[in-house]
Amino acid sequence: MDDLLTRLRAGLPPEALLTDPDVTASYAHDMASFCEAGSPAVVVLPSTTEQVQHVMRTATALRVPVVPQGARTGLSGAANASEGCVVLSLTRMDRILEIDPVDRIAVVEPGVVNAALSRAAGEHGLYYPPDPSSWEMCTIGGNIGTASGGLCCVKYGVTAEYVLGLDVVLADGRLLSTGRRTAKGVAGYDLTRLFVGSEGTLGIVVRAVLALRPKPPRQLVLAAEFPSASAACDAVCAVMERGHTPSLLELMDRTTVRAVNRLGRMGLPESTEALLLAAFDTPDPAADLAAVGELCTAAGATQVVPAEDAAESEMLLKARRMALTALEAVASATMIDDVCVPRSRLAAMLDGTAAIAAKYDLTIGVCAHAGDGNTHPVVCFDHTDAGESRRARESFDEIMALGLELGGTITGEHGVGVLKKEWLARELGPVGLELQRGIKHTFDPLGILNPGKVF
């Protein structure tokens, strides 16, 4: 420990090192439940790429594990500390280095908050689409590490589709530049895409070149109330089959709607079994909403209410963004699943999750990026009750098994981290797992980058 601190201090300013155990303990874990976490030896808050390189050279020399972190809003334990590790918190590297309206790119450091980039791009008439529900807190580096999604992915896609190039500090301290600033480019293997979603196991992202889009018109939102989740899913399938391109298509089940009302007094209809939110940011969103409203009615919606203006639309979106926080308030602990299935199997996923909730006698609320088939079943339980905690874990696993049975994946946007390591092996199969471990060894032969995560 003394040697580690001495070497780190040789290349870092005093304010970049945190050693007080009471302080470092606050960096031990992200927002996931049921994920083991160790005690960091030290927390480093670099402000330059050179400082990150110094940390990695020191860690390599001493064979010390390094756990990179952003805002720790993750939900899989990917940012959890390993025992005796260096936690590398990148939140002070928070500069927007460039916004280029001609090339439609932004160049940013990893600690830039998602919402801050969105607002800065908006000042240039541009738009950064990926918008996780935690967009006011989460960082671009964390979004890249977990390949985050968001509410508008149904139209605009996920983080991976906007990362054009990266500067990455490798395990031994070397600096690697990947990708491009150009609109097109296919030179060599796509190492940029490889780092997106790697959860800090291959290198430390210190700079990102991100694609921007022209800022769309303000979106209008429609809310449709359904007597069953399956009816709402039928409407989702009809919307997509007819060729509509909503800017979001989100679903909340009855448990989620009631939780949001309790927390935020939002006035959502508690008589509903499923509430579907659809939005368009087209030149004539009212006409698009009317067409989707007809499809919702045909699928069995009991009420369809288009927002009259941007303010009413924003209220509905606020309610949806509040969903996970509201469900966390239902019980003392939650496990948030992240299973994505083909849209055509969405109804089976929701009905199956309801059956699992009944089987284990648990409250499980579901909110979903319905247009993507990406569901977020949230298991609510009393963590002080050993039996209930056991049932929560079993139900969580059964939900993931259901997703795989329906042709889906164990994670659509939250990542693997600690929480889903065993399930990743089941999804990839032995050959896929062997190859991925080989890639990890190529980039990190000593195994010091975020050890114990993903595999």
Side-chain angles (χ1 to χ4, degrees), residues 8 11-13 15-18 23-24 26-31 37 40-60 64-74 76-82 85-97 106-117 120 130 132 134-148 159 163 165-171 173-178 192 195-210 415 417 443-444 448-451 453:
L8 288 174
L12 296 169
E15 65 272 14
L17 285 170
L18 303 178
V23 176
T24 59
S26 67
Y27 287 82
H29 56 83
D30 62 17
M31 297 178 68
V42 60
V43 174
V44 180
L45 296 99
S47 55
T48 68
T49 294
E50 292 74 20
Q51 291 174 9
V52 175
Q53 291 181 279
H54 173 70
V55 171
M56 293 314 305
R57 291 185 188 115
T58 300
T60 292
V64 176
V66 176
V67 176
Q69 289 183 349
R72 303 195 307 282
T73 58
S76 67
N80 285 13
S82 304
C85 74
V86 173
V87 162
L88 190 61
S89 175
L90 299 159
T91 53
R92 290 184 182 175
M93 297 181 68
D94 60 355
R95 295 180 299 161
I96 298 174
L97 301 172
V107 183
V108 305
E109 292 182 327
V112 171
V113 172
N114 184 294
L117 173 58
S134 58
W135 76 310
E136 293 281 6
M137 300 178 288
C138 64
T139 62
I140 295 298
N143 294 168
I144 292 170
T146 58
S148 297
T159 295
V163 182
L166 296 171
D167 281 358
V168 182
V169 175
L170 299 177
R174 289 179 296 165
L175 183 64
L176 169 70
S177 292
T178 76
T192 302
F195 281 104
V196 180
S198 65
E199 302 184 40
T201 61
L202 301 180
I204 312 296
V205 172
V206 291
R207 189 182 70 101
V209 180
L210 305 174
F443 282 89
D444 181 23
I448 63 172
L449 279 170
N450 215 6
K453 313 297 169 52

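Please read these numbers as outputs of a predicted model, since none were measured by experiment.
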Test side-chain contact (heavy atoms from CB on, under 4.5 Å), reference R207, set V168, L175, D167, output is D167
L45 and Y27 have their tightest heavy-atom pair at CD2-OH, 3.9 Å
Report the residues that fulfil side-chain hydrogen bond (donor to acceptor under 3.5 Å, both in side chains) with T60, sequence neighbours left out, ordered by chain and then residue number. none
Measuring only between side-chain heavy atoms, which start at C-beta, is V87 closer than 4.5 Å to T24? no
Check: L18 and V42 side chains under 4.5 Å, non-hydrogen atoms: no
Looking at side-chain heavy atoms only, is the closest gap between N114 and P132 below 4.5 Å? yes
Set of side-chain hydrogen bond (donor to acceptor under 3.5 Å, both in side chains) partners for T178, sequence neighbours left out: T192
Side chain to side chain contact (heavy atoms under 4.5 Å, CB included), that's the test. Do L8 and V55 meet it? Break it down for me. CA-CA 6 Å; L8 288 174; V55 171; 4.2 Å; yes
For D94, the salt bridge (Lys or Arg N to Asp or Glu O under 4.0 Å) test, sequence neighbours excluded, returns none
Shortest non-hydrogen contact between N450 and A78, atoms and distance: ND2-O, 2.9 Å
Counting distance only, does the side-chain N/O of Q53 pair as donor-acceptor with the main-chain N or O of G173 below 3.5 Å? yes
Using side-chain heavy atoms (C-beta onward) and a distance below 4.5 Å, is P46 in contact with H54? no
In the structure I gave you, are the side-chain heavy atoms of V43 and Q69 within less than 4.5 Å of one another anywhere? no
Decide yes or no for V67 and K453: does some side-chain heavy atom of the first lie under 4.5 Å from some side-chain heavy atom of the second? yes
With sequence neighbours excluded, residues passing salt bridge (Lys or Arg N to Asp or Glu O under 4.0 Å) with R92: none
Partners of S198 by side chain to side chain contact (heavy atoms under 4.5 Å, CB included), sequence neighbours excluded? F195, T201, L202
Go through the structure and list residues passing salt bridge (Lys or Arg N to Asp or Glu O under 4.0 Å) with E136, not counting sequence neighbours. R119
May I ask you to test the I204-L449 pair for a side-chain heavy-atom distance under 4.5 Å? yes
